[in-house]
Amino acid sequence: MAIQSVDAKTLKQWLHGKTEIALFDVREHGQYGESHLFLATSVPYSRLEYDVARLAPRKSVRIVVYDENGAGVSLKAAQALIQQGYQDIYLLSGGTQGWQDAGFNLFAGVNLPSKTFGELVEHQCHTPRVSAHDLKKMMVDREDFIILDGRPQSEFKKMSIPGAQCCPNGELAYRIKSHVVSQDTKIIINCAGRTRSIIGAQTLINLGIKNPIFALENGTQGWYLNDYVLDHGKVSQYAKPRVDDEILLASQSLVSKFDIPFISDEQFLLWKNDEDRSLYLCDVRTAEEFSLNGLPGAQNTPGGQLIQATDQFVGVRNARIVLYDSDGVRAITVASWLKQMGHNVAVLQEGIKSKVSLPRIQIDHTLGLATLKTKDLYQIYQNDSVTMLDIRGSMQYRKSHLPNALWAIRPRLHEIIRGAKETILIISDDPALTYGALLELDGLDLNIQVYELEGAEFPKEFETISTQTIPPDIDCIDFLFFVHDRHDGNKDAARRYLEWETGLIAQLDQDDMNLYSIQ
């Protein structure tokens with residue numbers, strides 16, 4: 001099958017049309033985060049085949065892939081997609097350089113459509129906010145207030161505002177009545193930066209919650225920049241759900257205001273059998289709930305994260321997205337935001353009681369190779385006749401690796417294994433990276449073995465080393481230095497990040513602005 005090409009101006013028209021399209025930046029995550037197209041999804045070549053079936057479930061969908069110049073890894077990625085059965089593949093002529101030469105903007109950062117949306121919401125809805133200084137004064141004055149952190153528990157544990165409670169944005173409608181009893185209590189929503197603070201606060205306002213509601217300006221970063229102390233390592237369990245008549249009525253008002261469609265199992269089946277449209281089934285509940293009774297073939301997309309990072313779950317623009325929950329309010333609340341972001345979204349009428357399903361994605365990520373046990377690794381570790389390739393993230397390698405292991409990443413594997421010994425040992429901590437590396441080496445006359453590291457540390461019988469500058473920064477194409485250190489005590493990095501976030505709107509052209517419909 002021939003790989004087609006598309007010029008920047010034509011791609012621009014496709015991206016803002018009504019037809020389904022997937023735009024994949026196939027460079028590694030660090031390269032993507034430095035400079036990419038606004039509507040691109042990051043699908044690094046190192047994990048392409050593992051992720052693409054989830055991000056682009058329909059094999060006949062139009063997919064455009066690109067790199068920095070149209071002559072690098074994008075061609076290999078396009079060929080890999082054809083091997084996976086995709087039928088309509090295009091290369092962006094000239095890559096990011098061709099896009100820029102055509103007069104279109106490139107963007108730094110990640111999750112651009114979602115984060116830009118948050119800035120637009122604040123501008124258009126005039127979401128109330130308090131500064132870190134204002135919040136500190138409220139603490140000193142012992143005012144009646146509560147701080148709700150709109151991030152998942154994993155992020156909350158890393159750093160949080162003293163006294164805050166963890167309630168991810170997607171859980172607000174479901175749990176707010178347990179957090180707040182009095183209508184006089186001020187509610188402050190925070191995140192690490194800006195987006196989830198804004199969306200969380202505006203969610204409660206849209207639900208008609210009567211309390212004074214505010215977004216904490218610049219989140220934990222703003223708190224730290226004011227020299228206030230953050231908590232680290234704190235664990236906060238979610239409050240019990242409480243959905244009363246008031247919340248149910250509020251959610252129904254969102255259905256009316258944003259024209260959110262509900263679909264039956266029968267309608268879902270019709271969509272599932274539609275070969276001309278892509279379909280996503282998204283469970284917006286917590287990971288714990290999903291593990292108990294998620295529908296077959298659904299993705300777990302916790303609601304707050306689905307709004308915050310839509311491109312990590314949905315890779316096809318103009319696709320059909322069906323949400324469900326157990327309670328009737330979380331899916332509606334999330335749908336109200338996705339609708340304003342320009343997505344084609346519906347709510348599954350029967351929720352978790354539905355009988356619908358999508359095909360499960362099952363991948364033999366070791367391609368049938370048996371993985372080594374620790375005792376086997378120890379024998380190989382002492383054998384100089386084996387080439388050890390550590391394909392974990394570059395920062396994980398720097399932190400701890402076996403002395404004789406070389407850091408490797410899929411786009412550069414063939415270059416790294418030149419002159420390698422007959423036996424290659426791959427050390428990995430991610431099935432996606434394992435799968436990509438094995439596919440890259442498939443067909444070569446090599447004895448390949450795999451060791452999968454469980455957790456962040458090697459077993460205690462191994463002596464490991466750390467290297468602060470190996471691999472050098474220039475080779476760490478998987479790591480986004482742009483956001484490095486903003487949560488680890490580097491105030492300049494935090495300031496630069498916040499300046500980037502508040503400057504997003506100014507970079508949009510009118511086509512990009514027209515993607516959104518904020519009410």
Side-chain angles (χ1 to χ4, degrees), residues 11 14-15 19-29 31-33 36-67 73-74 76-92 110-114 271-272 274-284 290 294-302 305-323 334 338 341-345 358-363 365 410 430-436 439 478 515:
L11 176 58
W14 287 355
L15 291 171
T19 304
E20 287 190 1
I21 182 172
L23 176 62
F24 292 161
D25 188 319
V26 294
R27 300 169 299 165
E28 298 307 303
H29 187 67
Q31 298 169 306
Y32 164 85
H36 62 85
L37 278 64
F38 183 67
L39 292 175
T41 298
S42 177
V43 193
Y45 180 57
S46 60
R47 51 185 303 127
L48 176 71
E49 293 91 343
Y50 195 89
D51 288 342
V52 70
R54 175 181 58 83
L55 290 168
R58 184 167 65 90
K59 298 290 187 180
S60 57
V61 71
R62 176 187 286 167
I63 298 177
V64 178
V65 299
Y66 72 86
D67 55 29
V73 74
S74 59
K76 296 181 75 171
Q79 292 168 338
L81 289 172
I82 291 172
Q83 288 293 318
Q84 294 293 303
Y86 289 91
Q87 304 156 20
D88 197 15
I89 309 297
Y90 290 80
L91 293 178
L92 172 60
V110 298
N111 309 132
L112 265 295
S114 296
W271 286 357
K272 177 180 176 179
D274 185 349
E275 297 181 355
D276 296 323
R277 295 293 301 276
S278 302
L279 179 62
Y280 298 85
L281 180 59
C282 298
D283 188 322
V284 300
F290 177 74
L295 297 179
Q299 287 190 79
N300 181 216
T301 59
Q305 294 306 98
L306 182 57
I307 301 165
Q308 168 76 3
T310 316
D311 54 330
Q312 291 182 11
F313 304 103
V314 176
V316 178
R317 291 203 60 77
N318 301 316
R320 290 170 172 148
I321 305 171
V322 177
L323 312 181
V334 175
L338 295 186
M341 292 170 70
H343 294 290
N344 185 340
V345 63
L358 286 177
R360 294 181 185 271
I361 300 170
Q362 295 182 324
I363 296 174
H365 72 276
R410 184 183 183 185
D430 185 336
L433 298 179
T434 305
Y435 191 54
L439 287 172
D478 63 318
L515 294 168

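We count residues from 1, following the sequence as given.
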Next on the checklist: For Q308, give me all partners under side-chain contact (heavy atoms from CB on, under 4.5 Å), at least two apart in sequence or on another chain.
Outcome noted: K115, T195, R196, Q305

Checklist entry - Between atom CD of Q84 and atom NZ of K59, what is the distance when rounded to the nearest 0.5 Å? => result 5.5 Å

Checklist outcome for this item: Tightest non-hydrogen contact, residues L306 and C282, listed as CD2-CB, 4.5 Å

Next on the checklist: Tell me whether R277 contacts the main-chain N or O of W271 through its side chain, where contact means a donor paired with an acceptor under 3.5 Å.
Outcome noted: no

Next on the checklist: Quick check against the 3.5 Å criterion: does Y86 have a side-chain atom that pairs as donor or acceptor with the backbone of V52?
Outcome noted: yes

Checklist entry - Knowing that exactly one of R58, R320, R62 qualifies, which makes a salt bridge (Lys or Arg N to Asp or Glu O under 4.0 Å) with E20? => result R58

Next on the checklist: Using a 6.0 Å cut-off, check whether atom CD of Q87 has over 12 heavy atoms from anything other than its own residue.
Outcome noted: yes

Item to check | L433/Y50 under side chain to side chain contact (heavy atoms under 4.5 Å, CB included): CA gap, chis, key distance, verdict | outcome: CA-CA 8 Å; L433 298 179; Y50 195 89; over 6 Å; no

Item to check | Residue pair L11, Y90: steps toward the side chain to side chain contact (heavy atoms under 4.5 Å, CB included) verdict | outcome: CA-CA 10 Å; L11 176 58; Y90 290 80; over 6 Å; no

Item to check | L338 and L323: CA distance, side-chain angles, deciding distance, side chain to side chain contact (heavy atoms under 4.5 Å, CB included) verdict | outcome: CA-CA 10 Å; L338 295 186; L323 312 181; 4.2 Å; yes

Checklist outcome for this item: In this structure, NE2 of H365 is separated from CG of L439 (nearest 0.5 Å) by 12.0 Å

Item to check | Pair D311-N111, side-chain donor/acceptor within less than 3.5 Å | outcome: yes

Next on the checklist: Once rounded to the nearest 0.5 Å, what's the spacing between atom CZ of R317 and atom OG1 of T19?
Outcome noted: 12.5 Å

Checklist entry - Between atom CG of L92 and atom CZ of F24, what is the distance when rounded to the nearest 0.5 Å? => result 14.5 Å

Checklist entry - Looking just at side-chain N and O atoms, do E275 and S60 make a donor-acceptor pair shorter than 3.5 Å? => result no

Item to check | Spacing of OG belonging to S42 relative to CG belonging to D51, to within rounding of 0.5 Å | outcome: 9.0 Å

Next on the checklist: Applying salt bridge (charged side-chain N to carboxylate O under 4.0 Å, His left out), can you list everything that pairs with D67, at least two apart in sequence or on another chain?
Outcome noted: none

Checklist entry - For I89 and I82, what are the C-alpha separation, side-chain angles and deciding distance, and is it a side chain to side chain contact (heavy atoms under 4.5 Å, CB included)? => result CA-CA 8 Å; I89 309 297; I82 291 172; 4.0 Å; yes

Checklist entry - Hey, what do you get for CZ (F313) to CG (N300), rounding to the nearest 0.5 Å? => result 7.5 Å

Item to check | Polar side-chain atom of Y45 near backbone of A80 as donor-acceptor pair, under 3.5 Å | outcome: no

Checklist entry - Looking only at heavy atoms, what is the nearest atom pair of G436 and R410, with distance? => result O-NE, 3.1 Å

